[in-house]
Structure formats: structure tokens, C-alpha cells
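Quantities reported herein were computed from a predicted structural model and do not represent experimental measurements. Lettering follows sequence order; numbering is per chain, from 1.
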Number of protein chains: 2
Amino acid sequence: MVAQATPEELTERLRDAITRLNRRLRQERPVGDLTVTQLSALTSLRIGGALTPRELSEAERVQPPTMTKIVAKLEERGLISRTPHPTDGRQVLLSPSDQGLAVLEDYQRVRDEWLAGKLAELTAVERETVARAAALLERLARD
Amino acid sequence: MVAQATPEELTERLRDAITRLNRRLRQERPVGDLTVTQLSALTSLRIGGALTPRELSEAERVQPPTMTKIVAKLEERGLISRTPHPTDGRQVLLSPSDQGLAVLEDYQRVRDEWLAGKLAELTAVERETVARAAALLERLARD
DNA sequence: CAGGCTTATTAGCTAAGCTAATAAGCGTGA
DNA sequence: TCACGCTTATTAGCTTAGCTAATAAGCCTG
């Protein structure tokens, strides 16, 4: 039974579940062709407002050069805009454009439809278990 | 309370938890060692016994050419071995080698330090919830 | 105001994923 | 029976995402 799982078994089982479900989520691709990474960065900008590349890379737990690439892709698509920092000539402020906000909403809706559909297949008790676990997993991910 | 979460809230919360945890897990990759993808494939072979590349790609929710690369990396390290299929000349059977099994055991004890540490911070009841949810999430990912 | 720190970017590498194309083997139906 | 179509595995070539090291520009301080 699950109840008797050792800590090692639980760790392995959870890692596998996360990895596989994340792969499945990633396959739920877009309308706007946004990757998960791009979506996540754009979401951070929407939540955090105008951020510098460094702040964004820290929010996304990614190195600055990696964020440079992600930002370049979002910029190509016109989903974010950059303005000079008011007091520091080295820095740049990134914000989602109106188009970026619109694409973000579309993408999230499409992807959530898939996941919501899968969750609807569960029993009420199972959904309750997932709901409790989701809150715990968020806590784990929050370092 | 979590118990009263709407389906929309649950969907969003779960998606967020999955993507965050996955990114966090990926960062914990130890230097010079197996990637999460490689570890996941090797684990599938241990659980599933001798599988063909196609079966393994389906278990991992990945396209066959992608699995060819993953298998090649595991083979380079001597972690899996291949034998001809007894009745079908096209197919190949993949199994973890003794060394592969040993590596998996090491990982169970050492590899997921971060995740195991986080799980250890939970109460026994919370871990039980996570364990039940992990099984459900695997089912969701299985289409 | 020179030199050291910070920020952002560029260059170059690896891993992980995809599709399209190919070669080999299997199996079936005319 | 054997030609043709399907399946399996691989190769080729692309994209994305991540890393470190190096570089250029701007800031700040002694």
C-alpha cells in the first residue's frame, strides 16, 4: 500500500510523477507557440511588474545568460518591451506588452483545459487528495 | 481551506506546483551524474523489466528518436544492456545492467537529497497525502 | 579618476525534445 | 510465394533550454 511507502520510495515516486506530468503538460502546446519557459518568465513579469533581467533570472532560478535568450525570444514576438532604467545605465526594465498579456491568457486557458479535464475524471475524494497535495508541493517548491 | 477549492483554483494551483517543482528538481542535478531524464528512463526499465525502445519511449512519453538518444547515453555508461528480441528481428530488449541497478540504489539513498529533505520536513500525515497524490498524478500523466 | 564591482550580453558547449527520412524485418493477400 | 505495406529503430537536422567563461559598459569608492 501507499501508506507503507518508505521515504526513499516516496521520493522516487514523486520525482517520477512530477517529471512525467510536466512532460505531459509541455505537450499541451499552444495557439501562440509559447514554450513553458517563456510562459513562466512572462508570468513572472506579469506578477512582478517591471523587472530587470537579473531580477527575472533570479525569480526563474536561471542564470543571467539563459534569461537573455528567453527575453530575446519574447521580444521577437513583441510580448515584452524594454525601457531604460531611470537611474542605472547598465540595467533595463522588462514589462509584458498588451499583446503579451493577451497571449498569456490564451495559453493558460488552453493548457488549463487539458489539466482540468483530467482532474474531472477523478473522484471527489481523489480530487481532494490532489488539492491537499498541491498545497504541500507548492510549499516544497518555495525553497 | 483547500477542501473548498474550486476546480479552476485546483487546476491552477496544481499546474503551478508541478512546473515550479520540476524546475527546482532539474536544478538539483549532481555534476557528472545522471540527468533527470536518464534517471527516469533507467527507473522505468527497472520497474518494467526488459522493454523495447518503443515501449520505453511510450512509458516516458517521449518520441522514439528521443529515446534512442537517452538509451545511447545510458549505454555509453554501461548502465543498460541490449539483447535481440527472441522472435522479432527488428526489436531490441533493453535491461538495466548490474551496474545500472547499483547506480539506481545509490540514487535512492543519495541522489534526491533535496527532495527527500523537503519531504522529511512534512508530517507523516502530509507525506501520506503526497504519496497518494503522486500515484494519482502518474495516472493523469498516462493520458 | 583608476580600479574594482555589477549588469547584460556574446560565444560556445551539452542535453532534451521534435519531425522527416531511411533501413531492416515482419506479415498478409492476391 | 513474394510484393507491398506496416512497424521498429535509427540517423539527420532542427529548436529550446540550460550552463560557464569572457567581454563591454556603467557605477561607485578610495
Side-chain angles (χ1 to χ4, degrees), chain A residues 18-30 32-42 44 50-77 79-94 107, chain B residues 19-20 22-42 44-45 50-77 79-94 141:
Chain A
I18 296 295
T19 301
R20 284 195 170 79
L21 190 51
N22 188 68
R23 270 206 281 251
R24 189 62 187 81
L25 273 176
R26 190 175 44 205
Q27 290 175 346
E28 273 317 294
R29 275 285 204 93
D33 224 14
L34 268 192
T35 66
V36 170
T37 300
Q38 291 162 8
L39 166 68
S40 185
L42 196 51
S44 283
L51 298 178
T52 67
R54 167 156 295 270
E55 287 168 340
L56 186 52
S57 74
E58 284 168 357
E60 292 293 307
R61 298 189 162 282
V62 134
Q63 294 303 307
T66 300
M67 189 47 68
T68 294
K69 288 188 185 179
I70 298 167
V71 163
K73 294 230 165 60
L74 291 172
E75 239 181 331
E76 275 174 19
R77 293 174 156 83
L79 303 183
I80 62 176
S81 61
R82 64 173 66 210
T83 58
H85 193 283
T87 63
D88 191 331
R90 295 167 300 182
Q91 299 185 45
V92 179
L93 290 176
L94 306 171
Y107 186 94
Chain B
T19 54
R20 271 177 205 258
N22 187 67
R23 240 182 299 159
R24 194 67 184 74
L25 269 179
R26 195 171 44 198
Q27 289 181 335
E28 293 301 316
R29 182 160 80 86
V31 284
D33 239 326
L34 289 185
T35 66
V36 169
T37 300
Q38 291 162 9
L39 179 59
S40 183
L42 192 52
S44 282
L45 283 184
L51 298 178
T52 67
R54 166 156 297 270
E55 288 167 341
L56 185 52
S57 73
E58 283 167 358
E60 292 294 308
R61 299 213 61 91
V62 133
Q63 294 303 308
T66 300
M67 189 48 67
T68 294
K69 288 188 185 180
I70 297 167
V71 163
K73 294 226 163 59
L74 290 172
E75 239 180 330
E76 276 173 19
R77 294 165 180 250
L79 302 183
I80 62 176
S81 61
R82 63 172 68 210
T83 58
H85 192 284
T87 63
D88 191 332
R90 296 166 300 183
Q91 300 185 44
V92 178
L93 291 176
L94 306 171

Close N or O pairs between protein and nucleotides 28-30 of chain D (under 3.5 Å):
none

Q: Rounded off to whole Å, could you give me the CD-to-C1' distance for the B:Gln38 and C:dA16 pair?
A: 10 Å

Q: Report yes if the side chains of B:Pro53 and B:Leu94 come closer than 4.5 Å at any heavy-atom pair, otherwise no.
A: yes

Q) Is A:Thr52 near enough to C:dT7 that one of its side-chain N or O atoms lies under 4.0 angstrom from OP1 or OP2? A) no

**Q.** Nearest-angstrom distance from the residue atom CD of A:Gln91 to P of C:dC5
**A.** 18 Å

(Q) Side-chain N or O of A:Thr66 versus OP1/OP2 of D:dC19: is the shortest distance under 4.0 Å? (A) yes

Q: Between C:dA11, C:dA20, D:dA9, spot the one nearest the side chain of B:Val92, thanks.
A: D:dA9

Q.
Quick check for you: among D:dC19, D:dG18, C:dT7, whose closest atom lies nearest to any side-chain atom of A:Ile70?
A. D:dG18

Q: Between D:dG18, D:dT10, C:dA16, spot the one nearest the side chain of B:Arg82, thanks.
A: D:dT10

Q: Please answer whether the main-chain N or O of A:Thr37 pairs with a side-chain N or O of A:Ser40 as donor and acceptor at a distance below 3.5 Å.
A: no

Q. Which part of the nucleic acid, if any, lies within contact of A:Thr37, taking any heavy atom under 4.0 Å across all strands shown: a base, the sugar-phosphate backbone alone, or nothing?
A. sugar-phosphate

Q) To the nearest Å, how far apart are A:Met67 CE and D:dT20 C1'? A) 17 Å

Q.
Can you measure B:Leu51 atom CG to D:dA9 atom C1' for me and round it to whole angstrom units?
A. 15 Å

Q: Measure from NZ on A:Lys73 to C1' on D:dA17 and round the result to the nearest Å.
A: 8 Å

Q. Expressed in angstrom and rounded to an integer, what is the separation of A:Arg77 atom CZ from D:dT16 atom C1'?
A. 10 Å

Q) Minimum heavy-atom separation for B:Ala59 to A:Arg20, with atom names? A) O-NE, 3.1 Å

Pairs of donor and acceptor atoms involving the side chains of residues 82-92 of chain B, under 3.5 Å and at least two apart or interchain, shall be tabulated with distances.
from    : atom 1 : to      : atom 2 : distance (Å)
B:Arg82 : NE     : B:Glu75 : OE2    : 2.9
B:Arg82 : NH2    : B:Glu75 : OE1    : 3.0
B:His85 : ND1    : B:Thr87 : N      : 3.1
B:His85 : ND1    : B:Thr87 : OG1    : 3.4
B:His85 : ND1    : B:Asp88 : N      : 3.1
B:Asp88 : OD1    : B:Arg90 : N      : 2.9
B:Asp88 : OD1    : B:Arg90 : NE     : 3.0
B:Asp88 : OD2    : B:Arg90 : NE     : 3.4
B:Asp88 : OD2    : B:Arg90 : NH2    : 2.7
B:Asp88 : OD2    : B:Gln91 : NE2    : 3.0

Q. Quick one: salt bridge (Lys or Arg N to Asp or Glu O under 4.0 Å) partners of B:Glu55, sequence neighbours excluded?
A. none

Q: Verify the distance criterion only: is there a donor paired with an acceptor across the side chains of A:Ser44 and A:Glu60 at less than 3.5 Å?
A: yes

Q: May I have the distance from B:Asp88 (atom CG) to D:dC6 (atom P), rounded to whole angstrom?
A: 17 Å

Q | Phosphate OP1/OP2 of D:dT16 contacted by A:Thr35 side-chain N/O (<4.0 Å) | A | no

Q) Given that B:Arg54 and B:Lys69 both sit by DNA chain D, which one's nearest nucleotide is further toward the 5' end? A) B:Arg54

Q: Taking only the side-chain heavy atoms of A:Pro53 (C-beta and beyond), determine which of D:dT11, D:dC19, C:dA8 contains the nearest atom.
A: C:dA8

